Every structure is written in C-alpha cells, then in structure tokens.
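Values reported hereafter were calculated over all heavy atoms of this structure, with side chains retained and with hydrogens, waters and symmetry mates removed. Only a predicted model underlies this, so the values are computations on that prediction, with no experimental measurement involved.
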Amino acid sequence: QVQLVESGGGSVQAGGSLRLSCAASGRTFSRYAMAWFRQAPGKEREFVAGIIWSGGSTYYADSVKGRFTISRDNAKNTVYLQMNSLKPDDTAVYYCACGPVSSRERDFRSWGQGTQVTVSS
C-alpha cells in the first residue's frame, strides 16, 4: 500500500497562492492515478483534481478549473497542487489520495493525513 504525506498548507489572503505537495512511499506510485480532495468544516469531503499515472491527463472540479493545477513527478514520487487566485471558499483540509482514475472518494483506498489551507478575505 502506498503511504502518503501532504505538506505546504498554510494561511493566505484571498487572491494569493499556495503549492501543496504529497510525497508517496512505495515503488508502485507511478502505476496509480493521484487525486486531491478537500473537506471544509461541516461539509463532506469533495473532489478537487486528479491526474493519471503518466501525468498526461488531468481533470478538475468545476469550482477550481482555471485556478488550480495538478501535476506529478514520478521520479520524486510526488504529486503537487498549485492553487492560485485563492478564495475564502477554498478553506479546507486538503487530502491527497492514490488509486484509480476517478473523482469518487469511495474509489480511493490510500489517503494522506491532510494539510490545512485557510484563506482569509
């Protein structure tokens, strides 16, 4: 099973940027799609962005299209989420997940512990 550790969260003002990283352990990382989800207080966890095993295709939630970019470096076993033009509604705990090409939470078995992102107005 792949172990995942997120980093890069923090506090930023609206309009600012953050870059999240997710480091994976295990030699099978490059075989899997990767995704980012987020969970705001009092809300269910929701899909944010995904990337296939090769990095050749990405997919996003409508709420982040044009502002967030997911990428991966299989040589470093790391996936990234570049977040630009951040809004207060982006405030959440962000999780990375490893699994199939999917946007459904139930399809992913490997999860990181999460990193907090707080956007102030």
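Expressed to the nearest 0.5 Å, how far SG of Cys22 lies from CG of Leu4 amounts to 4.5 Å. Rounded to the nearest 0.5 angstrom, Phe108 CZ and Phe47 CZ are separated by 7.0 Å. Here the OH-NZ distance, from Tyr59 to Lys65, works out to 12.5 Å after rounding to the nearest 0.5 Å. Between atom CZ of residue Arg67 and atom NZ of residue Lys87 there is a gap of 4.5 Å, rounded to the nearest 0.5 Å.
Tyr95 places no side-chain N or O within donor-acceptor distance of the main-chain N or O of Ala35, the cut-off being under 3.5 Å. Judged by distance alone, with hydrogens and angles left aside, the side-chain atoms of Thr91 form a donor-acceptor pair with the main-chain N or O of Val119 at under 3.5 Å. Without hydrogens or angle criteria, Glu6 side chain to Gln113 main chain gives a donor-acceptor distance under 3.5 Å. Judged by distance alone, the side chain of Asn74 and the main-chain N or O of Trp53 form a donor-acceptor pair under 3.5 Å. Although no hydrogens or angles enter the test, the distance criterion places a donor-acceptor pair under 3.5 Å between the side chain of Arg72 and the main chain of Ile52. Looking only at distances, no side-chain donor or acceptor of Ser102 sits under 3.5 Å from a matching main-chain atom of Pro100.
Taking each heavy atom of Ala14 and Pro88 in turn, the nearest pair found is CB-CD, 4.1 Å. Closest approach of Lys76 to Thr78, counting heavy atoms only: O-OG1, 2.8 Å. Contact between Trp36 and Ser21 at its shortest, heavy atoms only, is CH2-O, 3.7 Å. Considering all non-hydrogen atoms of both residues, Val2 and Cys98 come closest at CG2-SG, 4.0 Å. Here the shortest heavy-atom pairing between Arg38 and Ser63 reads NH2-OG, 3.5 Å. Closest heavy-atom contact between Tyr80 and Asp73: CE1-CB, 4.2 Å.
Checking each of Ile70, Leu81, Leu20, Asp90 against Val48 for a side-chain contact (heavy atoms from CB on, under 4.5 Å) leaves exactly one that passes, namely Leu81.
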- [ ] Take Met83 and Val12 through the side chain to side chain contact (heavy atoms under 4.5 Å, CB included) test and state the conclusion after the steps.
- [x] CA-CA 11 Å; Met83 305 185 295; Val12 64; over 6 Å; no
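Tracing side-chain contacts under 4.5 Å through hydrophobic residues (I, L, V, M, F, W, Y), one reaches Phe37 starting from Val101; they form part of the same cluster. Residues Ile51 and Val64 share a hydrophobic cluster, clusters being chains of Ile/Leu/Val/Met/Phe/Trp/Tyr side chains in contact below 4.5 Å.
Taking the six-membered ring where tryptophan is involved, the planes of Phe68 and Tyr94 are tilted, since the angle between them lies from 30° to 60°.
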